[in-house]
Amino acid sequence: MSPGRRLQRAGTIVHVTSATLSPSPLADLDTDSLREAHAAFARAYDELKAAGLKLDLTRGKPSAEQLDLSDDLLHLPDGRFRDAAGTDLRNYGGASGLPELRAIFSDALRIPVEQLLALGNSSLTLMHDTIAFALLHGVPGADLPWAGRPISFLAPVPGYDRHFTIAERLGIRLIPVPSDDNGPDVEAVASLLAADDSIRGMFCVPVYSNPTGAVYTEEVVRALVSLPAAPDFRLIWDNAYAVHHLTDERPEPIDVLALAAEAGNPDRPLVFASTSKVTYPGAGVAFFGASATNIQWMLHNLSAQSIGPDKLNQLRHVELLKDAEGLAAHMDKHRAILAPKFAAVDAAFRERLAPWGGGSWTAPRGGYFVSLDIVDGAANRAVQLAKEAGIAVTPAGATFPYGDDPRDANIRIAPTFPPLSELTTALDGLCTAILLAEAETLLADRD
């Protein structure tokens, strides 16, 4: 198993609210013992509901403590409004964004400065607009715009719900592709590309994938940029978590643009990233990286939309982060806040779920999420029970296109936003809901 996504199952045995039953995998219990466990979980759940909690684990937002790390942005830029070249950043122009800021992120993203744009505050907006541009105008290598004909995208699962929302909103059919610790199933991708000529794109989160924390291997990336596909097939390469490390064991960034050029498909990857979880999500900077041809295509399309991005905000970020080393130091401060929260997730699941065989989960080396798989058929019920007890969790199925998890097993855990004490309480309550849902599901299967 790759270090990017380690499944944890074993754990410390905990006290059970039953005089006769000791923890053991629920699926292995005889029916009478399973009923006894169900009764114990139901009593614990009633106590949970009576506590009147109001906790939220739904979205992967930075906490207030993390946002505080960037509060110097509120008084920057400090008495200046020109970049290193002397350009007045208060005025129009500068469509490519500040070279100084692009240089700070160039190394982390493995994109040459001249092939990296610094734009508005949201990479999701940029992804949406890029796909809309392709639908309206086509992309380099295409004979026709994408609109007016069936268009499909491949979607590695479990995956990022907001990617799915963009495609669904723009009328693009989503085709699930299984993925593992190393990235998407390359054989499945190749088979689908060969069989379906409507496929024009694929969503990818190559580093600390949302929600699994998987890190694509170079072998997988080489395959994705090399597979036979339509000339206007694009990899929507969302490198949102490239600098969001939780351990000292950090993946070496992969130069997807160089690998694509080497494979003879230089225009295939469209790389997106942002400072949304580096500084302020509501006032950050989004980046777009691509081949020289795609960069010119993007600038041409953006020219009808804007005469330039917010360069003063980009200057603020330059003054805050200073250089690549400053960026790394800033992210170490984020890590100090986040690592204990991810450790709390692992500890809670080891203590509460593992003794009952109650699930398998990821222990990511970075990113913002933990992916939890529980007993098939129980995820929706577990999320419903948690909600009724005052614990909001991302809807079950959200990590699959159209909200359809065929196993009804996956739950995305977002531990970053709440304070650690609230997180610990929410996780304990969620585990109670999960165990009750699993016992209900297994009993129903035996009736």
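What you are looking at is a predicted structure, and each value in this text was computed from that prediction instead of being measured.
- Residues Pro176 and Pro401 approach most closely at CG-CG, 4.2 Å, considering heavy atoms.
- Annotation: Arg162, atom CZ; neighbour count of heavy atoms from other residues, nucleotides and ligands within 6.0 Å does not exceed 12.
- At distances below 3.5 Å, at least one donor-acceptor pair connects side-chain atoms of Asp408 with backbone N or O atoms of Asn380.
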**Prompt:** What do the steps show when you test Phe369 against Tyr241 for side chain to side chain contact (heavy atoms under 4.5 Å, CB included), and what is the final call?
**Reply:** CA-CA 11 Å; Phe369 303 98; Tyr241 309 106; 3.4 Å; yes

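- Under the 4.5 Å side-chain criterion, counting only non-hydrogen atoms from C-beta, Ser152 is in contact with Ile199.
- Contact check for His163 versus Cys204: no side-chain heavy atoms found under the 4.5 Å cut-off.
- Residues Thr399 and Asp405 bring no donor and acceptor atom of their side chains to less than 3.5 Å of each other.
- Listed for the Glu319 side chain is a donor-acceptor partner under 3.5 Å among the backbone atoms of Asp78.
- A donor-acceptor pair under 3.5 Å is absent between the side-chain atoms of His317 and the main chain of Gly284, judged by distance alone.
- Atom CZ of Arg381 sits about 11.5 Å away from atom CD1 of Ile374, to the nearest 0.5 Å.
- The minimum heavy-atom distance between Cys431 and Leu353, with the atom names listed, is SG-CG, 3.9 Å.
- One distance of note links CG of Asp181 with OH of Tyr216; it measures 12.5 Å at 0.5 Å rounding.
- A 6.0 Å sphere centred on CD of Glu168 holds more than 12 heavy atoms belonging to other residues, nucleotides or ligands.
- Atom CZ of Arg59 has more than 12 neighbouring heavy atoms from other residues, nucleotides or ligands inside a 6.0 Å radius.
- A donor-acceptor pair shorter than 3.5 Å cannot be found between the side chains of Ser360 and Asp373.
- Contact annotation: the side chain of Pro266 never approaches that of Leu257 to less than 4.5 Å [non-hydrogen atoms, C-beta and beyond].
- Shown are Leu320, Asp310, Leu89; of these, the side-chain contact (heavy atoms from CB on, under 4.5 Å) with Leu315 is made only by Leu89.
- Counting heavy atoms of neighbouring residues, nucleotides and ligands inside a 6.0 Å radius, atom CD of Glu187 does not exceed 12 of them.
- Within the 4.5 Å cutoff, the side chain of Phe105 has heavy atoms near those of the Leu321 side chain.
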**Message:** Working note: Arg149 + Asp232, criterion salt bridge (charged side-chain N to carboxylate O under 4.0 Å, His left out); need CA distance, chi angles, decisive distance, verdict.
**Reply:** CA-CA 14 Å; Arg149 52 191 168 128; Asp232 53 344; 3.6 Å; yes

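- Annotation for Glu65: atom CD does not count as buried by contact number, only 12 or fewer foreign heavy atoms lying within 6.0 Å.
- The backbone N or O of Asp428 lies less than 3.5 Å from a partner atom in the side chain of Arg352, making a donor-acceptor pair.
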**Request:** Determine, stepwise, if the pair Val221 / Trp237 fulfils side chain to side chain contact (heavy atoms under 4.5 Å, CB included).
**Result:** CA-CA 11 Å; Val221 176; Trp237 203 258; 3.8 Å; yes

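- Smallest separation of non-hydrogen atoms from Val189 and Met202: CG2-CE, 3.8 Å.
- Not one N or O on the side chain of Asn265 forms a donor-acceptor pair closer than 3.5 Å with the backbone of Arg268.
- The side-chain heavy atoms of Phe288 and Leu270, taken from C-beta on, include a pair separated by under 4.5 Å.
- Contact annotation: the side chain of Ser70 approaches that of His330 to within less than 4.5 Å [non-hydrogen atoms, C-beta and beyond].
- Proximity of a side-chain donor or acceptor of Glu438 to a complementary backbone N or O of Ala378 within less than 3.5 Å is not detected.
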**Item:** side chain to side chain contact (heavy atoms under 4.5 Å, CB included) evaluation trace for Lys387 with Val393
**Value:** CA-CA 7 Å; Lys387 181 179 179 181; Val393 183; over 6 Å; no

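- Distance check: Leu246 CG to Arg365 CZ gives 10.5 Å after rounding to the nearest 0.5 Å.
- From Ile391, atom CD1 reaches atom OG1 of Thr432 across 7.5 Å, with rounding to the nearest 0.5 Å.
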**Request:** Evaluate the salt bridge (charged side-chain N to carboxylate O under 4.0 Å, His left out) criterion for residues Asp196 and Arg173: first the C-alpha distance (whole Å), next the side-chain angles of each, then the deciding distance (0.1 Å), finally the verdict.
**Result:** CA-CA 12 Å; Asp196 190 339; Arg173 181 173 67 113; 2.5 Å; yes

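- Smallest separation of non-hydrogen atoms from Ala132 and Leu170: N-CD1, 4.2 Å.
- Atom CG of Leu126 sits about 10.0 Å away from atom CG of Asp238, to the nearest 0.5 Å.
- The shortest side-chain heavy-atom distance between Pro62 and Phe417 does not fall under the 4.5 Å cut-off.
- Remark: side-chain polar atoms of Ser209 are not paired, donor with acceptor, to backbone N or O of Pro211 under 3.5 angstrom.
- Shown here for Pro140 and Arg234, the closest heavy-atom pair between the two residues is O-NH2, 2.7 Å.
- Heavy-atom contacts from other residues, nucleotides or ligands closer than 6.0 Å to CG of Asp197 number 12 or fewer.
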**Residue pair Thr275, Gln314: steps toward the side chain to side chain contact (heavy atoms under 4.5 Å, CB included) verdict** = CA-CA 10 Å; Thr275 67; Gln314 294 184 12; over 6 Å; no

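- Side chain of Thr362 to main chain of Val370: no donor-acceptor pair is present (N/O by atom type, distance under 3.5 Å, no hydrogens or angles).
- Although no hydrogens or angles enter the test, the distance criterion places a donor-acceptor pair under 3.5 Å between the side chain of Asn301 and the main chain of Trp297.
- Between Pro281 and Ser276, the closest heavy-atom pair is CG-O, 2.9 Å.
- A donor-acceptor pair is defined here as one N or O able to donate and one able to accept, closer than 3.5 Å; such a pair exists between the side chain of Lys341 and the backbone of Pro418.
- Here Ile413 contributes atom CD1 and Thr58 contributes atom OG1; the two are 11.0 Å apart, rounded to the nearest 0.5 Å.
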**Message:** The test is ring pair (Phe, Tyr, Trp, His ring centres under 6.0 Å); show your working for Phe287 and Phe272 and say whether it passes.
**Reply:** CA-CA 6 Å; Phe287 298 94; Phe272 301 85; over 10 Å; no

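- Counting only heavy atoms from C-beta outward, the side chains of Asp83 and Glu100 approach each other to under 4.5 Å.
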**Request:** Begin from the C-alpha positions of Glu252 and Arg110 and carry the test salt bridge (charged side-chain N to carboxylate O under 4.0 Å, His left out) through to its verdict.
**Result:** CA-CA 10 Å; Glu252 183 67 23; Arg110 287 295 188 270; 2.7 Å; yes

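- Using bins of under 30°, 30° to 60° and over 60° for the plane-to-plane angle, the ring pair His245/Tyr208 lands in the perpendicular bin.
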